[in-house]
Amino acid sequence: MNISKTYQPKEAEEKWYGYWLQHKFFKSVPDEREPYTIVIPPPNVTGVLHMGHMLNNTIQDVLIRRARMKGKNACWVPGTDHASIATEAKVVAMLKERGITKKDLTRSEFMTYAWEWKEKYGGIILEQLKKLGASCDWDRTRFTMEDDLTEAVIDTFIHLYKKGLIYRGIRMVNWDPIGKTGVSDEEVIRKEVNQKLYYIRYKVSSIKYQVSSKDLTSDSGLRTSDFLTVATTRPETIMADAAICINPNDERYFHLHGKKVLIPLINREIPVILDEYVSMDFGTGCLKVTPAHDLNDYELGQKHNLPVIDILNDDGTLNENAKILVGEDRFAARKKIAVLLETAGALEKVEDYKSQIGFSERTDAVIEPKLSMQWFCKMDEMAKPALDYVLEGEIKLIPEKFINTYRHWMENIKDWCVSRQLWWGQQIPAWYLPDGQYVVAKTREEAFEQAKLLTTHNSQLTTEDLVQEEDVLDTWFSSWLWPISVFDGFKDPNNADINYYYPTNDLVTAPEILFLWVARMIMAGHEFRGEIPFKNVYLTGIVRDKLGRKMSKSLGNSPDPLDLIEKYGADGVRVGMLRSSPAGNDLMFDESHCEWGRNFFNKVWNASRLIKGWTVDDTLKNNNQVVIEWFESRFNEALVEIEGNFAQYRISEALMSTYKLVWDNFCSEYLEMIKPGYQQPIDSETYNCTIIFFENILKILHPFMPFISEELWHDDLFGQRAEYDCCIVAQLPNYGQINAQLLNEMETVKQVITQIRNIRNSKQISQKEILELSVKANSTVPYKNYELIIKKLGNISALHMVSDKISGAASFMVWSDEFYLPLNESLDPYSESIRLQKEIEYLTGFLNSVNSKLGNERFMNNAKPTIIEVELKKKADAEAKIKILEENLSALAN
RNA sequence: GGGAGUUUAGCUCAGCUGGUUCAGAGCAUCUGCCUUACAAGCAGAGGGUCACUGGUUCGAACCCAGUAACUCCCA
């Protein structure tokens, strides 16, 4: 018998995880049972477990374990994502340590190093998930860049290209001039920086204009009608200007409509255009439009058909298009041009200015918006059915509030830029001919066949002349296929697995990737299988620290999940995470949650120690029948609650229901009620019932706390278990009868006990001092049935049913019943009368409010009959109680 | 700039169909207990202008409108 006062999780965690694996309880193969499937949101292969993963995977594990215990064929597919950007950065860092730079390597050499890195360090996170207790079918582990999944990516790209959904186009990317690469938005760190705002004068070139009086009174930047003034933080880009834009409603500038102006220093003529996009309040109200070097300007330029003049080289120096300062770095050029403008009399003033600037996460270079040729996937056609699935409820978002967000996004969807300027990933299967034309094909040979058809003038073309697109596909272009590709649905569209497991049931993920990932999986499901990929999407919150900051490595505010597991046990961390994390709401993480979890499983542990300490005496008769029946009812009631909570994905509520059942009802109430005196034996009937109750409790605890429940499942308490008789595969108990009257009566009895304890506390009478209790029952509650319970928990020696008040005794009421506790010391009549008066006062106020309701004709006419009934009962109860209290008060006076 | 959300006890959050004098839980606080399962515990207690302003209703934390603060997503 294990007598340790506290449960030691570590040993049990290792033992049982190994046991589960060894007995293949996580393994799933299609059979006749109903499937229940979850595909894991594949974590980055470079990743280490963070708190977000903990929450996310705990929820998935709870769902999958519950499904398993409900007799379903539960299949949780794990895997990792190749994460182009993050992994490539890791590999570059590794190479740097070895003194190798990426640009000295060929693509295939680089890929060799990258795979080496992946094999060595990748997938640590999956090992960490095991520590959490994740019951994934590890035999099914997939990787988004493994051969089969890569083939699926290439095939789907070609499929979409053939459908006309893939095209090339120009797009503004975040350019890192030091790293000489495009970086994703996620890798751009925005910082507030002190800058200067330069006010630059552009000369109006056509002289024909009329002077309006407004020009003279306006305090705008327009000093004379010969000039307009533009405020900019980037004077070095004026050579790339394509227009000046003003708001058409801006009265200050009506005279400029249709005019042209000259760029200072280079005297190139550009038009003044009108667009409401320009804010009249900011700067001078005149905006220089530089399509090549600003995203908004680019869009404005597209709208107004402006030329795109790119004046920057890849390294951030000015190129020939700039005409002046060619070869200078952009920042040096900024300083120099300010001087030139000043000298030319075109610089009106310079102001200090604060604004947000993007920096490259990796090189800390100021990000330069840069136009480049990218590959795109058309979205509008695919978005429509994906939107309908959600609007029509075929796919449920939990919580529902995300439907609005989803719809808004899907109705305003932009084409997806699928190319990335990296090597680690699936290289785009496009092949360029020497003349710049291209074909899309799976292999060089197929590409060559197609290319031959394109070239009429070049019969010399060989396969070697084709150059494959350098860019790889966006990582999401492989993850959007995940629910299909993990079951080989592309390689073999009719295989047993995909037919059985797809569509999957629940997807558990973070709301920030609702569009990046979830929406696209829905599109892919429809496009490639004509079916939804999953039925429910449970969106978790973001794990934040106590200050509300997102937990991140760079802030260093995230605890190491493995340390937490070490400290509080996997079970403790699991329930700690779940406790205050309703779907879609952020979780303010604090270690005290885990402490709470640890205390919870320790309570369960100690309950087992108590039961184990009992000796059974077969000759004893069962005095606890009413308690046993009550707990049965209470247990069934809790089961219904828990089931209801799960049905609505209120997982933290389900946990709280379980917690209350176990801690309050089972430990504090049931066990205390049946507990025999010290070193006294217990009757066999009560003991056997208790064992059954405890086993059922282990079952409902298992999805939340798999390790301790499995450990106790195999305790001596339950005798010898067969090898495969494990909690993980036990079937959840079915509901039985709920005796509502019994539950109500017990609530009343519990109140009586609380009141007795309360009087002890307030009168400073020790819990050990034995008292007698007299009951003047005005209701029909059969207190005698509960005599043993009241005696035991109230430390009462005798329970007298009386028909008269007892003077001089401490008294209290539960509903309309009167209770008297004669004390050794005499009561202070003064404070007792104050107490009674206060209570009467409160009840009178209550009664008045009820009476005013009942006296309100409109209430009587409109309220539902059941509500009126309740009010009438409240009135009767209050009146009866006031009457009794007044009697007691007058008795006190005599 | 566009969209979504949040605001309830000191803290973190519940409150589901509007109906128990305007409310619950855990943590924290206070009081008393080392009572032979558990001090990681037991028995109690205190603590609230349900962000603000209006409206609808017999009745509002809940429905509607507006305001404020904060958060997230997209650009």
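All heavy atoms count here, side chains included; hydrogens, waters and symmetry mates do not. Proteins come first, then strands; the chains are lettered A, B, ... in the order of their sequence lines, and each starts at number 1. What you see is a predicted model, and the numbers here were worked out from it, not measured in a lab.
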In terms of ring plane angle, is the pair A:W614 and A:Y687 parallel, tilted or perpendicular, where the classes change at 30° and 60°?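 Judged by the thresholds at 30° and 60°, the geometry between A:W614 and A:Y687 is perpendicular.
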
Measuring from the side chain of [X] (C-beta onward, heavy atoms only), which nucleotide among [options] has the closest atom?
X: A:I867; options: B:rC38, B:rU36, B:rG19; answer: B:rG19
X: A:Y678; options: B:rC74, B:rG26, B:rU36; answer: B:rU36
X: A:F859; options: B:rC58, B:rU12, B:rA25; answer: B:rC58
X: A:K660; options: B:rG26, B:rA25, B:rA37; answer: B:rA25

For [N], which nucleotide in any strand shown is its Watson-Crick or wobble partner with both distances under 3.5 Å?
N: B:rU12; value: B:rA25
N: B:rU36; value: none
N: B:rU71; value: B:rA4
N: B:rC52; value: B:rG66
N: B:rC58; value: B:rG19
N: B:rG44; value: B:rC30

Are [X] and [N] close enough that a side-chain N or O sits under 4.0 Å from OP1 or OP2?
X: A:K675; N: B:rA37; value: yes
X: A:R579; N: B:rC27; value: no
X: A:N412; N: B:rG3; value: no

For [X], report the nucleic acid contact type (base, sugar-phosphate, nothing); a contact means any heavy atom under 4.0 Å.
X: A:N856; value: sugar-phosphate
X: A:W663; value: sugar-phosphate
X: A:K603; value: base
X: A:R598; value: base
X: A:S762; value: nothing

N/O donor-acceptor pair, side chain A:E672 with base B:rA43, under 3.5 angstrom: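 For A:E672, whose side chain was compared with the base of B:rA43, there is no donor-acceptor pair (under 3.5 Å).
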
On a whole-Å scale, what distance lies between the [atom1] atoms belonging to [N] and [M]?
N: B:rU17; M: B:rU6; atom1: P; value: 15 Å
N: B:rU12; M: B:rC72; atom1: P; value: 16 Å
N: B:rA69; M: B:rA25; atom1: P; value: 34 Å
N: B:rA37; M: B:rA43; atom1: P; value: 14 Å
N: B:rU20; M: B:rG66; atom1: C1'; value: 32 Å
N: B:rC11; M: B:rG18; atom1: P; value: 30 Å
N: B:rU36; M: B:rG44; atom1: C1'; value: 23 Å
N: B:rU7; M: B:rU67; atom1: C1'; value: 13 Å

Passing candidate, side chain to side chain contact (heavy atoms under 4.5 Å, CB included) with A:Y406, options A:L391, A:V537, A:L397: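 Result for side chain to side chain contact (heavy atoms under 4.5 Å, CB included) with A:Y406: A:L397.
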
Mind listing the closest non-hydrogen atom pair of A:T540 and A:P511 along with its distance?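 It is O-CD, 2.7 Å.
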
Counting only heavy atoms not in A:K396, do more than 12 fall under 6.0 Å of its NZ?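 Incorrect, the count does not exceed 12.
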
So do the side chains of A:E566 and A:K10 get within less than 4.5 Å of each other, counting heavy atoms only?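 Yes; the side chains approach each other to less than 4.5 Å.
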
Does A:K603 qualify as a cation-pi partner of A:W596, given the criterion of NZ or CZ under 6.0 Å from the six-membered ring centre and within 45 degrees of its axis?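 Negative - A:K603 is either too far from the ring of A:W596 or too far off its axis.
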
For atom CG of A:L397 and atom P of B:rC73, their distance in whole Å: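 Distance, rounded to whole Å: 18 Å.
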
